[in-house]
Every structure is written in C-alpha cells, then in structure tokens.
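Values in this document were obtained by computation on a predicted structure and should not be read as measured data. Numbering of residues begins at 1 and proceeds along the displayed sequence.
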Amino acid sequence: MNWDSDIKKINKNRKGLVERIDIINQRIQFLRTIKIKREKGYTPIYLDETWVDTNHTTSHQWTSPDESQNRKIPLGKGQRFVVLHAGCETGFLKGCDLVFKGMSTDGRDYHTEMNGKVFEQWVDKQLVPALPPKSLIVMDNASYHSVRVDGTKAPTSNSQKVFLNEHGLKFDSKFTKPKLYEIIKSKKIAPVYKVDEFLKKKGHDVLRLPPLTIVI
C-alpha cells in the first residue's frame with residue numbers, strides 16, 4: 001500500500017473551513033464597532049429578508065406503527081411570499097413587517113423579488129418611523145441594501161473615460177480599457193450607499209455584516 005498516495009487522495013476530496021485574514025479582521029472590526037456604538041447609547045436594530053411557501057412542510061414526519069395515520073403532504077411549493085422585518089433585543093419593531101406575494105415562477109429564490117426601490121421605500125415609510133433615537137441598523141451586503149450614490153459607482157467599460165474626467169485623473173486617450181481600469185483602481189473611491197446616507201440624515205448609523213467564512 002502506498003500511504004503517501006492514499007493520503008493525497010483523501011486530502012484532495014476533503015472540504016474544510018478556511019479563515020482568510022482579511023475576513024477575520026473585518027469580523028473583529030464589526031465586533032469592536034458594535035461594542036463602541038452600544039457604549040455611546042446606540043440601539044442595535046437587525047433587519048433581514050426571507051420567504052415562506054404556502055405549502056411549506058418538513059421532509060420527515062412521525063407516523064403510526066401501521067402507517068395508517070400520517071399527514072397529507074401537498075404537491076408543489078404553492079404560492080411564495082417574501083417577508084421583510086426588523087427587530088432588536090426586545091422584539092420586532094411595530095409596523096415594520098412587509099409581506100408581499102412573490103411573482104417569480106422559475107424557481108429562483110427571494111433575492112430576485114427584492115430590489116433597491118422596494119427596500120428604500122420600506123426604510124423610509126416603515127422602518128424610520130419605528131426606530132428609537134440613535135439606532136444602529138445592522139444589515140448584510142445584499143445588492144438591494146447596497147445601491148450606491150452616483151459618483152461612487154464603479155464605471156462600466158464604456159464610461160471609464162467619463163469617470164476619469166469627472167475625478168480629474170489624467171490618462172492617455174490611447175490607453176486600453178484594462179489600463180484605464182488600473183488608473184480607476186488607484187483612485188480607491190470608497191462606496192457610499194443611498195440607504196446609509198438617508199439613515200444618517202435621520203440620526204442613525206448603519207453597520208454591515210462581515211463576509212462569511214469561505215468553504216473550499
């Protein structure tokens with residue numbers, strides 16, 4: 001038996017959690033920030049989205065010994081509803097529940113039913129009126145949470161030169177698109193999100209969750 005060969009085969013098919021240093025640092029920074037905000041009198045408010053199917057059931061069940069009594073499991077998932085809510089340590093915030101019927105019929109998850117406009121309207125009309133003073137809104141980095149303010153968006157390949165001109169960055173008109181992108185990266189423009197700016201004007205702060213650990 002070739003032990004070295006067998007061990008390599010085992011390791012090749014093995015999956016594990018890999019802690020990237022940058023993700024560890026972001027997690028530490030997140031914990032430090034939320035601790036400091038609590039000490040300054042901020043109330044952490046957590047928000048998220050999920051979905052429920054009208055025919056949602058568990059995949060397993062208890063049955064009688066003779067299997068004469070059991071549930072009738074419906075066929076198909078049924079109508080899907082998207083749910084958005086916010087809460088804190090004392091419970092859900094009053095009036096912040098948003099439930100709407102999903103219109104997707106191709107099996108996609110609830111993320112395709114949400115968009116920046118729906119989320120921003122919910123923040124304005126339902127979340128803000130229910131927030132206590134000095135709230136710290138904790139949310140993930142979903143695309144509809146992260147719509148950028150104009151001027152901080154990464155340019156498309158067709159608008160690179162416009163972006164460079166707007167930010168006063170010099171370049172040769174003969175530069176290729178990859179070369180232009182290198183100049184844009186050197187600018188290191190920090191993203192500014194619409195919902196963050198809106199909530200800051202209302203006296204609240206936003207804290208975004210760090211990325212998850214990568215599995216390989």
Spell out, as yes or no, whether a donor-acceptor pair under 3.5 Å connects the side chain of His204 to the backbone of Ser135.
yes
In short, Val192 meets Glu197 closest at the heavy-atom pair CG1-CG, 3.5 Å
Close side-chain approach of Arg148 to Lys194, heavy-atom, < 4.5 Å
no
Nearest 0.5 Å, what's the CD-CD1 distance between Gln29 and Ile24?
14.5 Å
State plainly whether one hydrophobic cluster holds both Tyr46 and Leu131, where clusters connect Ile, Leu, Val, Met, Phe, Trp and Tyr through side-chain heavy atoms under 4.5 angstrom apart.
no
Scanning both residues in full, the closest heavy-atom pair of Lys35 with Glu39 reads NZ-OE2, 2.6 Å
Within-4.5 Å side-chain heavy-atom neighbours: Cys88 and Leu93
yes
Glu120 versus Val147, closest heavy-atom pair with distance
OE2-CB, 3.8 Å
With ring centroids as reference points, do His145 and Tyr193 lie under 6.0 angstrom apart?
no
Does Phe198 share a hydrophobic cluster with Tyr42, counting links as ILVMFWY side-chain heavy atoms below 4.5 Å and allowing steps through other members?
no
Taking 4.0 angstrom as the limit, do Asp205 and Lys200 come out as a salt bridge?
no
Any side-chain heavy-atom pair from Val138 and Ile45 closer than 4.5 angstrom?
no
Locate the shortest heavy-atom distance separating Ala86 from Leu127; write the atom from each residue and the value.
CB-CD1, 3.9 Å
Determine whether a donor-acceptor pair (N or O, by modelled atom type, separation under 3.5 Å) exists between the side chain of Gln126 and the backbone of Asp97.
yes
In this structure, CZ of Arg80 is separated from CG of Asp53 (nearest 0.5 Å) by 5.0 Å
Are Phe30 and Ile28 connected into the same hydrophobic cluster when the rule is that any two of I, L, V, M, F, W, Y join if their side-chain heavy atoms are below 4.5 Å apart?
no
Side-chain heavy atoms of Thr33 within contact of Leu136, under 4.5 Å
no
Say whether Ile34 and Val206 are linked into one hydrophobic cluster, either directly or through other cluster members, by side-chain heavy-atom distances under 4.5 angstrom.
no
Pair Asp140, Asp48 - check side-chain contact (heavy atoms from CB on, under 4.5 Å), show working.
CA-CA 8 Å; Asp140 61 27; Asp48 205 359; 3.6 Å; yes
Counting heavy atoms not belonging to Lys125, are there more than 12 under 6.0 Å from its NZ?
no
Exercise: identify the closest heavy-atom pair between Leu84 and Trp122
CD2-CD2, 3.3 Å
Please report the interatomic distance CD(Glu49) to NE2(His85), rounded to the nearest 0.5 Å.
12.5 Å
Under a 4.5 Å side-chain heavy-atom rule over Ile, Leu, Val, Met, Phe, Trp and Tyr, are Leu207 and Ile137 clustered together?
no
Rounded to the nearest 0.5 Å, what separation is found between the NZ atom of Lys202 and the CG atom of Leu199?
9.5 Å
Side chain proximity check, Pro44 to Arg38, heavy atoms < 4.5 angstrom:
yes
So which atom in Lys101 and which in Phe81 form the shortest heavy-atom distance, rounded to 0.1 Å?
CA-CD2, 3.8 Å
More than 12 non-hydrogen atoms from neighbouring residues, nucleotides or ligands closer than 6.0 Å to CZ on Phe92, yes or no?
no
Is there a salt bridge (charged side-chain N to carboxylate O under 4.0 Å, His left out) between Arg208 and Asp196 once you walk through the steps?
CA-CA 10 Å; Arg208 293 172 181 275; Asp196 295 38; 2.6 Å; yes
